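Data block below; observations after.
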Amino acid sequence: MPTYNPKAIEPRWQRYWLEHKTFSTPDFSDKPKRYVLDMFPYPSGSGLHVGHPEGYTATDILCRFHRMRGQHVLHPMGWDAFGLPAEQYAIQTGTHPAETTQNNIANFRRQIQMLGFSYDWDREVDTTDPGYYKWTQWIFLQIFDTWYDADQKKGRPIAELPIPPEVRTAGEDAVRRYQDSKRLAYQAEMAVNWCPALGTVLANEEVQDGKSERGGHPVERRPLRQWLLRITAYAERLLADLALVDWPEPIKKMQRDWIGRSEGAEVDFKLANPPASESETIRVFTTRPDTLFGATYMVLAPEHPLVAKITTTAQRDAVTKYQADAARKSDMERTELAKKKTGVFTGAFAINPVNNQKIPIWIADYVLSTYGTGAIMAVPAHDERDFAFARQFHLAIRTVVMPPTKWLEETSVFAACKNLDKEPGGSLEGVAPPAAGSSFEQPQTMSERTIRLLGKASRVWEKFHHDPLRVTEFLYRESADQFDEVYTDDGIAFNSGSFDGLPTPEFKQKIAAWLEERGVGARKINYKLRDWLFSRQRYWGEPFPILHELDDKGQPTGLVRALTADELPLTLPDMQDYRPSGRPEPPLGKARDWIHVTRDGKRYLRETNTMPQWAGSCWYYLRYLDPHNNEMLCDPAKAKHWLPVDLYVGGAEHAVLHLLYSRFWHKVLFDRGHVHTPEPFYKLINQGMILGETRYYPSNDDVEDAMRGGGSKELRTAYTVAKAANTELFVAEDDVAPRDGKYFWKRDPSVQLTARADKMSKARGNVINPDFVVNGDEKTNGYGADSLRLFEMFMGPLEAVKPWSMAGVEGVYRFLSRVWRMIVDDRAETMQLAAAVKDAEPDRETLRLLHRTIQKVTEDLEAQPIPRFNTAIAAMMEFTNHLTRQEVRPRSVLSPFVLLLSPFAPHIAEELWHALGHKDTLAYEPWPTFDPALTKAEEMEVPVQVNGKLRTRLMVPPDIDSASLEKLALADEKVKASLEGKQVRKVIIPPKGNKLVNIVVG
RNA sequence: GGCCGCGUGGUGGAAUGGUAUACACAAGGGACUUAAAAUCCCUCGCCCCGUACGGGGCUUGCGGGUUCGAAUCCCGCCGCGGCUACCA
């Protein structure tokens, strides 16, 4: 009767844990603390998918392990529930997002609890709960109340901002405007993605290739008033403090690249003919001030404010048209699709400060208005982009950096020069197409320019003693514009006046000083990172706790007023019509009663933008520490106890945005004294993606053949069937015949197949639902939560991308069944132990295996940087394989084994723990320990190699000394045979543990 | 284009300088059974010699190198995946 039946066991223990609050965590304890955090999910309508429990299982195993090792473990879960998908789903179904969100949360909670995770459910948070977003708004107000003191490198209260005297004398409004301009949360006009067809503003991630992701409608860029957060003020600290955290190096690198720090200089170029009363200089940013002598033109971004002022009458029409075109293009069109550089001459000229040369000023959209100063000096000889532009518009190219020999030798010019001596006379004839069978070696492609250069080369050929390198060097100095390659790295300066001969790094130092002395430039650091666009023109998000002041006529004055803490939370108005307005203005504008406010006799309009989805997830790890506190976001004593997060596990898709935004908020809270650690997440692990089951696909050519009615008849039939069922055509594994390392279709062996595992997606029909794995459906039985958990961990290393396999789940299910039968009599009517379970002393081998298993599982769970769950499970399988073969299975080895299994498969472990006669839950039982002496076998196997090739294996006592081992090895018959007639030169026995013998013979 | 990662049996993977293929899946054979499922036992990288017992050789994408010894370290190439993309 009691066969292994997860359906009976699992819900019972889940109920037990909830009712007994087994995993409820006290706020404080004397035990060492450990805060283990999962990236909380967005509760979508489609429910959990098997990717979610991968990370959750890993953290759950570690939490259960650490609890048993006597640690004070915090392991909470919650919901990131504001955001676009809920709103769109609501619009489609006509159900209010608040309602669908709650339904989705209930479903997610049910599914997560069904998997037996040891979360402290008393600490559950929901970002859409006013009790939660009250504090999201409160943190926004802190950010709003903060300015960044660049000297102290710290965010400080706005009240401490020094006000310049001339501002103070201009009155209170001027002071307020000055303060507003310095806050970490500020307003600005920014281009947004406006989609007229959908009547809504789209986030950048909803725009693909200049079209809306949903529907493929065109998207325009329109300026709109936006809230921004001054994350750029923290760029340096966000970069530097990566040194404080233990994260995977690739994630750190992605953050570094995203921040994109570059050191360089700003340089001022005077206008050659400045229009009266206008600024006389154009400021550029460059990382290569050492190439100033090679600057042959300048480029302004089309949006640069000076463009209109400097453009000459003759060029005005062309420039205006170009600006209009550029404005219409999306970022994507400007970059990726633009294979050819575009631009227009303004008619104006600037003066290069280092040599007073007059150079033309162009506008081009390859220069971004949002980076640096929005203007560049172009050095076409040493920059790929400038080079392409100069070629396009026939602008001067002037070399000023001599590349190393190695580079010169790889140029096509050098390749051509080398041949000058091979043809008599070293003439241009050498570059004509070679005659058939000619031994003349010619580069495959030789541009007309190179051919022209060869004329010049042949004239100096004698002068440089037929040395192709010196000739190439000469040509590079004199006629760089004729080269096809661009050298952009460091080298030795030339054509640079008194700086000639300097290596690039030294030149950079000297020229910076030179520019500073003359007041025409200065060292400067720039970042790719832009300020964070923090507002969305949507309904389903946190409202901003901000009021816009109106004047007597009801017009906005441009001044804002923050709500006070006691006015929070500012709840979303309960609107029936939350659809986008059809104009760029946010839907909250339609809540007429809500937006009008009077305070102290003044009239105000509420801010109608809402916060982006990132806001709630930026600080949830703090709220878990004190989830019901209505007085503060988190009691500092609790924050002090728990922070920082000791382990944070989630997908790599959050490598940049979520993690960077959280770190930024945390640093502001740190500066303002609300948290005591500079970083929120001490250690981070990314779990790898889980793909759909491996499938076998016929080649596209074969399928196309079949579609046209040709090719394989079988394939044609299969194609018709797949098309009718509206699925992709693939072949099940049963139908695949492997041959010569390739796969063929059993039903038609002429059809070759390729194996492929794809991302799970509805469209491919390969999504695996945890409900199905655990509970099955009408046709199948389901394997239970323990099997799902175990398989997710057994598939491979946590961080690896790996394909799902239902057969693999079946495999671990069989393992758990075997564990069950190892302990429980599955043929008895009532729950009783198997007959082989006895209070006997274990034999030596069984005891050894138990201790080896304890050692292996413990060490695998402790492994750095990432625990090895898969090999820990394999060790437990080996233990089980051994013990199920034994006639006598001592209780004294079964109990510790059940404890080892419990973090991985907690339900079956609890049940077996009870069967073995223990009371209550095993969740806080001490973790088993191993005796190193007992892990060793009586004899060990030592491989013997001759010249690195395995010849035999010896059985020896584990404590044998090297000399005896060597003697034994040399005495072995097989070894003697392979040493026949050869001289033993050396015998190698590695010092650590006598693991092998290698006899070197000559 | 740039940067990063990966490449081991039919499949997922193990071994991170010391016995390559642990553990599992799939496949095949056998036992039990009226039968099936379940369970248990056996075989299972490739090639060669041998009737058999057994023996020998090769093998970690390809080519080279370092080392007594390389899946592991180094160089070059090929393939796959991810991120990123005019940031001056």
Side-chain angles (χ1 to χ4, degrees), chain A residues 3 248-251 253-254 257-258 260-262 264 284-288 291 299 331-332 334-336 338 341 364-368 370-379 382-386 388-389 488 526-530 652-653 655-656 688-689 693-694 733-734 736-739 741 743 755-757 791 794-797 799-812 814-815 817-818 821 826 868 870-878 881 884-885 941-953 985-990 992-993 995-1001:
Chain A
T3 53
E249 204 45 51
I251 301 290
K253 190 178 181 313
M254 282 163 77
D257 290 349
W258 191 263
R261 180 184 199 271
S262 3
V284 302
F285 173 69
T286 176
T287 54
R288 293 296 299 270
T291 60
V299 187
D331 279 353
M332 197 59 102
R334 274 189 174 203
T335 59
E336 186 158 8
K341 292 261 183 293
D365 63 8
Y366 84 93
V367 172
L368 308 174
T370 46
Y371 181 76
T373 60
I376 62 155
M377 65 173 204
V379 185
H382 300 292
D383 182 282
E384 297 272 1
R385 300 151 299 185
D386 297 343
F389 191 81
T488 58
N526 259 320
Y527 301 92
K528 276 205 273 191
L529 184 69
R530 310 292 152 86
E653 66 273 20
V656 178
M689 196 182 3
E693 296 235 10
T694 302
E733 195 169 0
D734 297 354
V736 177
R739 189 182 349 126
Y743 308 100
R756 184 158 44 94
F791 178 65
F794 187 59
M795 295 167 84
E799 72 281 16
V801 176
K802 41 212 178 277
W804 188 260
S805 158
M806 234 25 187
V809 182
E810 170 97 33
V812 294
R814 283 206 288 259
F815 162 64
S817 305
R818 215 152 55 238
R821 288 193 305 271
D826 65 326
R868 293 184 291 257
N870 53 335
T871 49
I873 294 167
M876 291 190 282
M877 286 173 166
E878 287 184 71
N881 289 344
T884 46
R885 287 187 195 108
E941 193 184 72
V942 174
V944 181
Q945 301 176 331
V946 176
N947 283 347
K949 284 200 175 184
L950 183 70
R951 287 301 156 196
T952 189
R953 300 178 171 97
R985 299 213 184 275
K986 206 175 357 173
V987 177
I988 289 166
I989 297 175
K992 36 177 185 178
K995 272 197 231 159
L996 107 171
V997 181
N998 189 12
I999 301 163
V1000 185
V1001 298

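Every chain is numbered from 1 and lettered A, B, ... according to where its sequence line falls, protein lines coming before strand lines. Since this is a predicted model, take the numbers as computed values, not measurements. Reckoned from all heavy atoms, side chains included, excluding hydrogens, waters and symmetry mates.
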Contact class for [X] (heavy atom, under 4.0 Å): base, sugar-phosphate, or nothing?
| X | value |
| --- | --- |
| Asn526(A) | nothing |
| Arg756(A) | nothing |
| Ser262(A) | sugar-phosphate |
| Gly260(A) | nothing |
| Arg951(A) | sugar-phosphate |
| Ser805(A) | nothing |

Exercise. Mark up nucleotides 13-20 of chain B, 5' to 3', with B wherever a protein heavy atom is under 4.0 angstrom from a base atom, S wherever such an atom reaches only the sugar-phosphate, and - elsewhere.
Key: SS---BB-
Exercise. Look at the side-chain N and O atoms of Arg814(A) and state whether any lies under 4.0 Å from the OP1 or OP2 oxygen of C25(B).
Key: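 For C25(B), OP1/OP2 do have a side-chain N/O of Arg814(A) under 4.0 Å.
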For atom [atom1], what is the distance between [N] and [M], given to the nearest Å?
| N | M | atom1 | answer |
| --- | --- | --- | --- |
| G76(B) | C23(B) | P | 39 Å |
| G63(B) | G57(B) | C1' | 22 Å |
| G61(B) | A71(B) | P | 10 Å |
| A38(B) | A31(B) | C1' | 14 Å |

Practice problem: Quickly work out the Arg818(A) CZ to A38(B) P distance and round it to whole Å. | Solution: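 These atoms are roughly 14 Å apart.
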Practice problem: Starting at atom CD of Glu878(A), determine the distance to atom P of A22(B), rounded to an integer number of angstrom. | Solution: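 Nearest whole value for this atom pair: 10 Å.
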Self-check item: Set of side-chain contact (heavy atoms from CB on, under 4.5 Å) partners for Arg261(A), sequence neighbours left out
Solution: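 Counting only residues at least two positions away or on another chain, Arg261(A) forms a side-chain contact (heavy atoms from CB on, under 4.5 Å) with Glu236(A), Leu239(A), Glu263(A), Ile525(A), Tyr527(A).
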Quiz item: What residues form a side-chain contact (heavy atoms from CB on, under 4.5 Å) with Ala375(A), not counting sequence neighbours?
Solution: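 Residues passing side-chain contact (heavy atoms from CB on, under 4.5 Å) with Ala375(A): Ile282(A), Val284(A), Leu300(A), His304(A), Thr373(A).
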Quiz item: Taking a pair as Watson-Crick or G-U wobble with both distances under 3.5 Å, which nucleotide is matched to U33(B)?
Solution: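 Here U33(B) is not engaged in any pair, so there is no nucleotide opposite it.
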Quiz item: Whom does A26(B) pair with, Watson-Crick or G-U wobble, provided both distances fall under 3.5 Å?
Solution: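 For A26(B), the partner nucleotide comes out as none, under the 3.5 Å rule.
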Quiz item: Given that Thr884(A) and Asn881(A) both sit by RNA chain B, which one's nearest nucleotide is further toward the 5' end?
Solution: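 Final value for this comparison: Asn881(A).
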Quiz item: How would you label the glycosidic angle of G81(B): syn (within 90° of 0) or anti?
Solution: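 Anti, angle beyond 90° from zero.
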Practice problem: Would you mind telling me which of Val997(A), Leu996(A), Asn998(A) makes a side chain to side chain contact (heavy atoms under 4.5 Å, CB included) with Pro943(A)? | Solution: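 Exactly one candidate clears the test, Leu996(A).
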Quiz item: Which nucleotide in the set C4(B), C40(B), A88(B) lies at the smallest distance from any side-chain heavy atom of Arg821(A)?
Solution: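 Of all the options, the side chain of Arg821(A) is nearest to C40(B).
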